[in-house]
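This is a predicted model, so every value here is computed, not measured. We name chains A, B, ... by the order of the sequence lines, and we start the count at 1 in each one.
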Amino acid sequence: MFDKANDDNLKQIISRAVTQYLENNKIELKAIPKIILTIPKNPAHGHLSTNIALQLSGLLEGNAKNIAQFIGREAEQNNPEIFEKIKIEGPGFINFYFRKDLFYGLLLEIISEKEKYGHSKRGNGEKVLVEYVSVNPTGPLHIGHGKCAVVGDSLSRILAAAGYQVATEYYINDHGKQIDLLGESVLARYRQLCGEEVVFPENGYQGDYIVTIAQEIKEKNQDKFKGKIDSGTKRFVRDYAKQRILADIREDLIAFGVKFDNWFSEESLYVQNRVQTVIEKLNQKGFIFSSKGALWFKSTDFGDEKDRVVTKENGEDTYFASDIAYHDDKYRRGFTTLIDIWGSDHHGYINRMKAAIQALGYAKDSFQVLLVQFVTLVRAGQIIGMSTRGGQFITLKDLLKEVGTDVARYFFLMNSHDSHTEFNLDIAKSQSLENPVFYIQYAYARICSIIEKGSARNIVLNDWNKDSIDLVLLDKKEELEIIKKLGQFKKIVERSAEQRKPYLIAGYLHELASLFHKYYTEYKVIGEDKKLSLARLYLISCIKIVLENSLSLLGIQAPEKM
RNA sequence: GCGCCUGUAGCUCAAUAGGAUAGAGCAACGGACUUCUAAUCCGUAGGCUGGGGGUUCGACUCCCUCCGGGCGCGCCA
C-alpha cells in the first residue's frame, strides 16, 4: 500500500510474529498458512487486514483472538515507524492502521513516479503470450469479437504494468475449408457480376461485403477471370479476399485501440511442415493411433471426453492439428505462460487443447483460457438479434460509429468477462447521468480545469516548490480517504493481472472518481490560503496521475475538457 | 442425456483466495448551483443472494440435490 509498508514487507513482519508465537508456545508447524492481506470493505476495519490468526486457530486449536493479540502486539512494538496502531477486531482479524506520514509519503511517490506509478515487478518478467480475437478472415468483426479484443488488449496492458513480459498475437486461420469457401463465394459473386449464371456455393458467405470485394476485383481486372475456375484463379481470388478482409479487421481493431505485436499465419505452419512434425512428435510419445482411416490423438489419456482426430480420412489435417502445432510453437519461442481468450462457445475445446499441451510435455497450468461470454445488444428495450449466419449482425465498426471507442471499451470492461454483457445502446449513447464513462472522464476534466484556474492565479506546482509543499495540511477525512484509495492502486493492478480480471480496474476507477467528485463538492482547492491551495493542488495532481494511469490500462482517453 | 458458464435490490452489475453489517450505478422519492464545469453532490426507500440440504468459528462463495437461463457435445473452424 505504501512504500515502507508494501505487501512483501508486511508479510515478513507478520510471518516473523507468527514464528515467534509458535516458538513461545513450543508448537511445530510444517508450514505457516499463506498470509493474505486484504483491503477491508469497511473503513472501520483499518487500512489493511489479515485473517492469519483465524487460519492458525483452525490448525492449532488455539483461541484466534489470543493469537491475534500476540501477533498484533509483536508487529506493533517492532515497527513503530509504520503502524499508528494495530487492532484486533471481530472473531480475530488483525487490522492495521498506518501512520499518517506514510500517507504523505505516498503522494511524494506518486508525483515522482508519474506514469510509472502502479507498476510493479510482481510478474518477475515472466514471458506471457496473450492470444485473442483470432477470427477467421472470412468476414468483418462483430461486437462479440470487440469484447474479446478489448479484454485481451486491456489484460495485456495490465500484465505488462504488473511486471510480466507480455506479447500479443492474432492467429490467422488462413488454411482449410472456410477460407476456401470464402474464395469460392467471392468468385461466384464476381462471375455473376460478369453476367454468368453461377450457382452460389452451398453454405457460402452471404454478406454484402462479399459482393463489395467481388466488385473491387472486377474493377481492377475487368473480365479477366470470366468463366475461369482453374486453381490459379481460385487461389488469386481467395488470397485477394483474405488480404482485403484482414486489412479491414486490422483497421477496425486499430480504431478500437487494439494493436497486436504479431499476426501469426496458420498457413505458415503448413509451409514449414510444422503440423506434420508435431503429429510425429506426439506419435513418438505414443499418443497417436490410427482408426477408421484417420489418425487420432489420445486426448482421453489426459481427461478429455473422447479422442480427437488430427488427420482426416482424406489425408487433410484438422484445425485441431494445426492448433497443436501453433501452441507448440508458442512454447518454442520461449513463452512460459500462454493465455488464450476465446468466445464462450469454444469452451468444449479447452480439454483437448490442455491434453495436447500436456502430451507435448508442458505444464497443464501454463496454458490458460479466458472464456468471454456473449454480448447482448439492447436498443429501446429490445434485444437485437445477432446471428452471423443470416448475415444480419452488428459489426464492431457500426458500434464504434454509434457510441465511440471510449464508451464501447468501458462497457466491455466494466463487468466480468465471464458474465454475459448486456450492451444497452441507449445508455451508451446518452451524454449524461447514466453513462459511467463520462462520470470518470468528467472527474479528470474537472481536475484539469482546477489546475488551469490555479495557474491563472499563479498557484502552480513546479519543480521549484513541489518538494516544499506542506502536505500535513491535508488532514480532512475525505483527503485521507482519497490518499488511501490512491495507495491501493498498485495492489489492484497486481490482483487484476494475477486473476486475469481487467474489470477490477474499471471498478477501481469508478470508486476513485466518485471520491474525487465528493471532495470537489465539499472543498475548494484554489482558495485564499495559498499554502493550503498548494497542498490540495498536490493531492488532485496525484489523483490525476492515477486516473490517467488506470484509464490507460483500459485504453480509454483522458480528456482535459468536456 | 452428458459437460462448461450462469441465477444477488424493479433494471444492469459488484462483493478481493471461505471473512466482519451483501455493496454500486440506473430507475423512484426528497433536497443542494451568485462558487475550480450540476455530465456533480447529499438524503430516503429497496434483499430469506432461485429452492432445499450439508461442510465450519464463519457460506453469495465449497459439496449434494432440484428449478430456470446461455453455450457446447463434428473426420467444421
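- Side chain of A/Thr318, nearest nucleotide from B/rC75, B/rC13, B/rU40: B/rC75.
- Using a 30° and 60° split on the angle between ring planes, A/Phe98 and A/His47 fall in the parallel class, below 30°.
- In this entry the distance linking CD of A/Glu511 with C1' of B/rA15 reads 11 Å, nearest Å.
- Taken from CD1 in A/Ile32 to CD in A/Gln55, the straight-line distance is 11.5 Å, to the nearest 0.5 Å.
- Among the heavy atoms of the strands lying under 4.0 Å from A/Tyr503 are primed sugar atoms or P, OP1, OP2 only; no base atom is included.
- Using a 4.5 Å cut-off on side-chain heavy atoms (C-beta onward), A/Phe412 and A/Val151 make no contact.
- Among the atoms of the strands shown, only primed sugar atoms or phosphate atoms (P, OP1, OP2) are found under 4.0 Å from some heavy atom of A/Asp418.
- Taking atom C1' on both nucleotides, B/rC76 is separated from B/rG69 by 27 Å, rounded to a whole Å.
- The aromatic rings of A/Phe320 and A/Tyr349 lie perpendicular to each other, with more than 60° between the two planes, well past the 30° mark.
- Using Watson-Crick or G-U wobble geometry with both donor-acceptor distances under 3.5 Å, B/rG7 finds its partner in B/rC67.
- B/rU40 and B/rA32 make up a base pair, with Watson-Crick or G-U wobble contacts both under 3.5 Å.
- Remark: A/Ile459 CD1 to A/Leu537 CG distance equals 8.0 Å, nearest 0.5 Å.
- Going from the C1' atom of B/rC2 to that of B/rC62 covers 23 Å, rounded to whole Å.
- The listed nucleotides are B/rC73, B/rA77, B/rC42; the one nearest the side chain of A/Lys518 is B/rC42.
- Counting to the nearest Å, the C1' atom of B/rU16 and the CG atom of A/Leu48 are 11 Å from each other.
- Contact annotation for A/Glu422: backbone-only contact, meaning every heavy-atom pair under 4.0 Å involves sugar-phosphate atoms and none involves a base.
- B/rC13 sits 23 Å from B/rC29 when the C1' atoms are compared, rounded to a whole Å.
- Side-chain contact between A/Leu10 and A/Phe96 is absent, with no heavy-atom pair separated by less than 4.5 Å.
- Between A/Gln178 atom CD and B/rA77 atom C1' there is a gap of 5 Å when expressed in whole angstrom units.
- Between the C1' atoms of B/rU6 and B/rA77, the separation comes to 26 Å (whole Å).
- If you check every strand for non-hydrogen atoms under 4.0 Å, A/Lys491 touches nothing.
- The ring of A/His45 has its center no closer than 6.0 angstrom to the ring center of A/Phe93.
- For a distance-only test at 3.5 Å, the side chain of A/His347 fails to qualify as a donor-acceptor partner of the base of B/rC5.
- Applying the Watson-Crick and G-U wobble criteria (two distances, each under 3.5 Å), B/rG72 pairs with B/rC2.
- Two residues, A/Tyr523 and A/Gln373, neighbour RNA chain B, and the one matched to the more 5' nucleotide by heavy-atom proximity is A/Gln373.
- The phosphate of B/rA77 has OP1 or OP2 within less than 4.0 Å of a side-chain N or O from A/Lys312.
- Across all strands, A/Ala445 comes closer than 4.0 Å to base atoms (heavy-atom distances).
- Pair assignment for B/rA59: none, as no Watson-Crick or G-U wobble contacts are both less than 3.5 Å.
- Base pairing of B/rU21 is not made with any nucleotide, judged by Watson-Crick or G-U wobble geometry with both donor-acceptor distances under 3.5 Å.
- Between the P atoms of B/rG54 and B/rU16, the separation comes to 25 Å (whole Å).
- Computed from coordinates, the A/Ile440 CD1 to B/rA24 C1' distance equals 12 Å when rounded to whole Å.
- Residue A/Phe374 is classed as a sugar-phosphate contact, given heavy-atom separations below 4.0 Å to backbone atoms only.
- Separating the NZ atom of A/Lys354 from the C1' atom of B/rC4 is a distance of 14 Å, rounded to the nearest angstrom.
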What's touching nucleotides 17-23 of chain B from the protein side, N or O pairs under 3.5 Å?
{"unit_1": "B/rA17", "atom_1": "OP1", "unit_2": "A/Gln499", "atom_2": "NE2", "d": "2.1"}
{"unit_1": "B/rA17", "atom_1": "OP2", "unit_2": "A/Gln499", "atom_2": "OE1", "d": "2.9"}
{"unit_1": "B/rA17", "atom_1": "OP2", "unit_2": "A/Gln499", "atom_2": "NE2", "d": "3.0"}
{"unit_1": "B/rA17", "atom_1": "N1", "unit_2": "A/Lys34", "atom_2": "NZ", "d": "3.2"}
{"unit_1": "B/rG19", "atom_1": "N7", "unit_2": "A/Asn51", "atom_2": "ND2", "d": "2.9"}
{"unit_1": "B/rA20", "atom_1": "OP2", "unit_2": "A/Lys41", "atom_2": "NZ", "d": "3.1"}
{"unit_1": "B/rA20", "atom_1": "N6", "unit_2": "A/Ser49", "atom_2": "OG", "d": "2.7"}
{"unit_1": "B/rA20", "atom_1": "N6", "unit_2": "A/Asn95", "atom_2": "OD1", "d": "2.9"}
{"unit_1": "B/rA20", "atom_1": "N1", "unit_2": "A/Asn95", "atom_2": "OD1", "d": "3.3"}
{"unit_1": "B/rA20", "atom_1": "N1", "unit_2": "A/Asn95", "atom_2": "ND2", "d": "3.0"}

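- Contact annotation for A/Lys524: base contact, defined as any heavy-atom pair under 4.0 Å involving a base atom.
- Taking atom CG on A/Asn424 and atom P on B/rG10, their separation rounds to 19 Å, with Å as the unit.
- In this structure, A/Ser416 reaches the sugar-phosphate backbone alone: every heavy-atom distance under 4.0 Å involves primed, P, OP1 or OP2 atoms, never a base.
- Nucleotides B/rC71 and B/rA32 have their P atoms positioned 49 Å apart, rounded to a whole Å.
- Phosphate contact (OP1/OP2 of B/rC41, side-chain N/O of A/Tyr439, threshold under 4.0 Å): present.
- Using atom P as the reference point in both B/rA59 and B/rU55, the two lie 12 Å apart (nearest Å).
- Remark: the separation of the C1' atoms in B/rU21 and B/rU40 is 29 Å, to the nearest Å.
- A/Arg446 has a side-chain polar atom (N or O) that falls below the 4.0 Å cut-off from OP1 or OP2 of B/rA38.
- Inspection of the A/Gln178 and A/Thr138 side chains reveals no N or O donor paired with an N or O acceptor under 3.5 Å.
- Ring geometry for A/Phe287 versus A/Phe297: interplanar angle over 60°, hence perpendicular rather than tilted (30 to 60°).
- One interatomic measurement links the two molecules: CG of A/Leu182 to C1' of B/rC76, which rounds to 15 Å at whole-angstrom precision.
- For B/rG46, there is no paired base (Watson-Crick or G-U wobble, both distances below 3.5 Å).
- Distance OH/A/Tyr508 to CG/A/Leu486: 5.0 Å, rounded to 0.5 Å.
- When distances are taken from the side chain of A/Lys306 to each of B/rG74, B/rA77, B/rC75, the shortest belongs to B/rG74.
- Residue contacts shown for A/His517 are limited to sugar-phosphate atoms, with no base heavy atom under 4.0 Å away.
- If you measure from atom CD1 of A/Ile447 to atom C1' of B/rU40, you get 13 Å, rounded to the nearest angstrom.
- Note that OH of A/Tyr326 and CZ of A/Arg274 are 12.0 Å apart. Values are rounded to the nearest 0.5 Å.
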